[in-house]
Amino acid sequence: MLLRLAYLSVTNMFAALRLLPMSDHCKDAEILALRHQLTVLRWHRDLINGATPARADRRSPDGRPQSAQSAC
């Protein structure tokens with residue numbers, strides 16, 4: 001347990017040092033990329049666990065989007 005704490009501390013320190021010379025624009029781009037990666041991973045996790053993804057909720061049972069169906 002102590003070894004894991006030391007490892008996490010050292011890796012976080014290096015991650016923080018890596019961010020120091022970066023501009024705000026580069027940091028924002030990296031944050032957006034990480035958010036996208038997290039969203040994709042959550043979506044895949046939901047697929048594996050059998051939950052319906054958020055986009056699938058807006059589709060009808062035959063797979064067509066709700067707006068494409070006729071009103072009849």
Side-chain angles (χ1 to χ4, degrees):
M1 183 70 177
L2 189 58
L3 183 61
R4 184 174 183 209
L5 179 63
Y7 171 76
L8 289 174
S9 299
V10 170
T11 55
N12 284 336
M13 180 188 63
F14 282 121
L17 287 175
R18 188 177 69 90
L19 292 176
L20 286 176
M22 293 177 84
S23 68
D24 286 341
H25 183 11
C26 290
K27 288 178 188 176
D28 291 341
E30 185 168 353
I31 288 171
L32 284 174
L34 291 172
R35 283 183 181 171
H36 174 71
Q37 183 180 11
L38 185 60
T39 303
V40 169
L41 288 172
R42 285 180 178 163
W43 188 75
H44 283 287
R45 179 198 62 196
D46 290 344
L47 281 178
I48 291 170
N49 290 338
T52 43
R55 287 186 177 182
D57 293 340
R58 294 184 293 208
R59 296 188 177 271
S60 66
D62 63 353
R64 292 186 300 166
Q66 295 273 347
S67 59
Q69 295 177 355
S70 64
C72 298

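Just so you know, these numbers use all the heavy atoms, side chains as well, and skip hydrogens, waters and symmetry mates.
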**Request:** Using the test side-chain contact (heavy atoms from CB on, under 4.5 Å), find all partners of Ser23 that sit at least two apart in sequence or belong to another chain.
**Result:** His25, Cys26
**Fill in**
Excluding Met13, membership of its hydrophobic cluster (Ile, Leu, Val, Met, Phe, Trp, Tyr; side-chain heavy atoms within less than 4.5 Å) reads Val10, Phe14, Leu17, Leu20
**Which residues share a salt bridge (charged side-chain N to carboxylate O under 4.0 Å, His left out) with Arg18, sequence neighbours left out** = Glu30
**Request:** May I ask you to list the residues sharing a hydrophobic cluster with Met1, side-chain cutoff 4.5 Å, ordered by chain and number?
**Result:** none
**Prompt:** Under the 4.5 Å side-chain heavy-atom rule for ILVMFWY, direct or indirect, which residues accompany Leu34?
**Reply:** none
**Request:** Mind checking the CG-CG spacing from Leu8 to Leu3? Nearest 0.5 Å is all I need.
**Result:** 9.5 Å
**Fill in**
Which of Arg42, His44, Gln37 passes side chain to side chain contact (heavy atoms under 4.5 Å, CB included) with Val40? It is His44
**Request:** Could you note down all residue pairs passing side chain to side chain donor-acceptor pair (under 3.5 Å) where residues 4-14 supplies at least one of them, sequence neighbours left out?
**Result:** none
